[in-house]
Amino acid sequence: MTKLLAASRAIERIVEKIALAGGTLFFVLTVVIVFDVVTRKFGYQLAGFGSTRLQELEWHLHAAIFSFWLGFAYVKNAHVRIDVVTSHLRPRVHAWLELAGCVVFALPYCLVAFYFTADFAWVSFVFGEASESASGLPWRFIPKGVIAAGLALLLLAVVSVALRVVVYLFGPAHLRSASAFAGAKAE
Amino acid sequence: MTAWLAQHLAILMFVALGVGLFCGFPVGFVLGGIGIVFGGIGILLDVFQPIQFLNYPARVFGAVAANPVLVAIPMFIFMGMVLERSGVAHELLHCLQVLTRRIPGGLAMSVTLMGTIMAATTGIVGASVIMLTLIALPAMIERGYNKELAVGTIASAGTLGILIPPSIMLVVMGDLLQVSVGTLFAAAFVPGFVLSALYLGYIGAVSFRWPMLAPPLPADSGPKTRGQYLGMIATGIFPPTFLIALVLGSIFGGWATPTEAAGVGAFGALLLALARRRLTRQMMRETVLQAGLTNAMVFLLFFGATLFAYVFRALGGDEVVRGLMVSAGLDSAWEIFIFVQVLVFALGFFFDWIEICLIVLPVFAPLLQGLDFSSHAGAGVMFLTWFIITLSVNLQTSFLTPPFGFALFCMRGTMPPQVTMAHLYRGIVPFVLLQVVGLILCISFPGIALWLPRVTGLLD
């Protein structure tokens, strides 16, 4: 049980590190947009970085921002839940519901979505797909791969939370507070 | 049995969704999970092919990632978080409060004005209501404000933010129904200010008639000299107001797309924070954390809802919806209009706007896009613009309606113990009535919504 908990924590740390590193992209995206707007106004063009490329870069960054945070948001319990009905239930019932949700909804979704998205990115890589616009960015597999990576991180986060719930439900009493999972209410 | 099951899978998806959502598991996972489960059942019953899942990544990529319109969402969220974390929001409330100290109900009016100006700060009802409660409620109680008036003002001001542009909700609705976001921002402008004016008028009238409900600040508080007075406006009120005006102005003037305006707005907010010497490492870390989590919350819903909607459609959901509407006798334009409005109003008791939009709008979009209201509000984009604005005002009303209203529910956890739900229920009633007035005005006179987009040439 201690090992499960340690594994859960290790996964969490990976997910967190990547999300926080991805957070700097908020600043990058802001700067890219401002740069695009200003240079277009004055008709200036950075060599090799015309407005089409910049605008594609904008949504590439956007894709990276949400992808890198999907999993971390689950670890941090930031995803919306409808808890009108369940808010008065006992913590153990909560834990069972969370485990059921992970097994029935989250794990199958993450597995299937990751499998097909990774395939989608791989095909793009093999065919050397580039932007459909002649003046656009090459390497379309990068944003596609980033989304697949985001789903992999989401899968890791679900595994991490599920492990915590398992320790909480079946582990010894002294690990209970240490295994409080995302969405758990204080006992 | 299997034939019956195969025919009714699309309906059963909604039944399963209803059950799944109320189990308290994250909504995005429930949507995606039900998509997978029903896709799987469909494969077993031979009405869905495994290969159809291949369309899912293409849809997520095309509609969610490679979609320049949606890039506005992280930027507006980021801009709002920077304004909040740098203390600009707090300072704005303080300044407004001092400036309105001689007006009856000044503090309550300040809260409404702040909800109007800082509408962009979050755009998610839950978050904006909680933020306003934390900032304004203690100040109002300390001042000796009537509790009903205080909580009613805060709940209504917090939900105003979803309608008044720049609004993330309008970005999502515009994307789903294929109406330009700039047009929607322009269309929401007048209705938003009409509602804001109704609130302000009500607060003023009540505080004037019963001054003990809203005790004013002592007259000697606030700036003494003219210089201090102007300084306060220059540092506290002018910067955020100017920033929002710049963002909206550049969209209405046709100089920038909403996404570009959002990026420039976020940049402006960072400059404001820098000017206030609040752009510290710590502040940036907190801002990025909050913005990243909120943004991810929004986009997991997009991920889940895209799969749900795709499987639903592949299982023949569109025909099922049309069939149900016809068999219920709902086929004229007005009947469908009213049905969707009532449905959304009911859903607003439990869900924030984003779940409602992502679940309901894709289902009804084909039906809605075909409606002809040319005798009342026009057809095509004209109708959809008016429809989205009425839907937004309707949602706002729903969020405030006791006993379930989503905004009220969100406030519950943040209110100090001396304020109870009973205060909230009593206090919100006049505001709900004002909302209903606003909704009736918007439905009866489409010009309220359509005037500004026409004048600015965004709609013709």
Side-chain angles (χ1 to χ4, degrees), chain A residues 19-20 22-24 26-27 29-34 36-37 55 58-63 65-70 72-74 76 78-87 89 94 97-98 100-102 104-106 108-110 112-113 116-117 119-121 143-144 147-148 151 154 158 183, chain B residues 20-30 32-37 39-40 53-54 56-58 60-61 64-68 70-71 74-75 78 126 256 259-260 262-264 266-267 270 285 288-289 291-301 303-304 307 350-352 354-355 404 409:
Chain A
L20 293 181
T24 51
F26 274 108
F27 297 95
L29 178 54
T30 309
V31 171
V32 170
I33 292 179
V34 171
D36 176 36
V37 171
Q55 283 181 8
E58 283 163 21
W59 64 254
H60 282 42
L61 288 167
H62 155 69
I65 291 174
F66 68 68
S67 296
F68 289 145
W69 283 76
L70 288 175
F72 187 50
Y74 184 41
K76 281 286 195 183
H79 288 307
V80 266
R81 300 163 181 269
I82 312 300
D83 57 359
V84 200
V85 180
T86 53
S87 58
L89 299 174
H94 264 280
L97 280 175
E98 195 75 13
C102 285
V104 178
F105 295 134
Y109 169 72
C110 292
V112 175
F116 285 100
T117 313
D119 183 62
F120 187 62
K144 290 184 174 178
I147 297 175
L151 284 164
L154 186 63
V158 173
Chain B
L21 287 181
F22 285 103
C23 287
F25 199 61
V27 175
F29 284 138
V30 176
I34 288 186
I36 299 287
V37 170
F53 278 129
L54 271 177
Y56 177 61
V60 167
F61 184 74
V64 185
N67 183 342
L70 294 187
V71 182
M75 284 292 95
F78 186 52
T259 301
E260 289 166 354
V264 173
F267 191 71
L270 285 171
R285 227 192 330 260
V288 164
L289 182 70
L293 292 176
T294 308
N295 188 53
M297 181 274 267
V298 171
F299 281 97
L300 183 68
L301 288 168
F303 270 63
L307 184 61
F350 304 103
F351 306 106
D352 206 333
I354 176 142
E355 296 100 297
F404 287 119
F409 189 73

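Reminder, nothing fancy here: chain letters follow the sequence lines and each chain counts from 1. Computed from a predicted structure; not experimentally measured.
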Using non-hydrogen atoms and a 4.5 Å limit, figure out which bit of [X] sits close to chain A: side chain, backbone, both or neither.
X	result
A58(B)	both
I354(B)	neither
F267(B)	both
V37(B)	side chain
A256(B)	neither
L289(B)	both
V64(B)	both

Would you mind reporting whether [Y] and [X] have side-chain heavy atoms less than 4.5 Å apart?
X	Y	value
Y109(A)	F303(B)	yes
F105(A)	P26(B)	no
Y56(B)	F116(A)	no

Residue part contacting chain B, namely of [X], when any heavy atom lies under 4.5 Å:
X	value
F66(A)	both
C110(A)	side chain
H62(A)	side chain
I82(A)	both
L61(A)	neither

Identify the two heavy atoms, one from [X] and one from [Y], that lie closest to each other, and give their separation to 0.1 Å.
X	Y	result
W69(A)	A296(B)	O-CB, 3.4 Å
V264(B)	V34(A)	CA-CG2, 4.1 Å
T86(A)	G24(B)	OG1-CA, 3.8 Å
A73(A)	L293(B)	CA-CD2, 3.6 Å
L97(A)	C23(B)	CD1-O, 3.6 Å

Do the ring planes of F26(A) and F78(B) sit parallel (below 30°), tilted (30 to 60°) or perpendicular (above 60°)?
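Geometry flag for F78(B) against F26(A): parallel rings.
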Counting heavy-atom pairs under 4.5 Å to chain A, which of [options] comes out on top?
options	value
N67(B), V60(B), L300(B)	L300(B)
N295(B), T259(B), V288(B)	V288(B)
G32(B), A66(B), G263(B), A266(B)	A66(B)

Residue selection (most heavy-atom pairs with chain B, distance under 4.5 Å) from [options]:
options	result
L70(A), D36(A), D119(A), V32(A)	L70(A)
T117(A), V37(A), V80(A)	V80(A)
A100(A), P108(A), S67(A)	P108(A)

Give the C-alpha distance, both sets of side-chain angles, the deciding distance and a yes or no for side chain to side chain contact (heavy atoms under 4.5 Å, CB included) between H79(A) and V27(B).
CA-CA 7 Å; H79(A) 288 307; V27(B) 175; over 6 Å; no
Given side chain to side chain contact (heavy atoms under 4.5 Å, CB included), test V112(A) with L307(B) step by step and report yes or no.
CA-CA 11 Å; V112(A) 175; L307(B) 184 61; over 6 Å; no
At what distance, to the nearest 0.5 angstrom, does CG of L270(B) lie from CZ of F27(A)?
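Atom-to-atom, L270(B):CG and F27(A):CZ are 6.0 Å apart.
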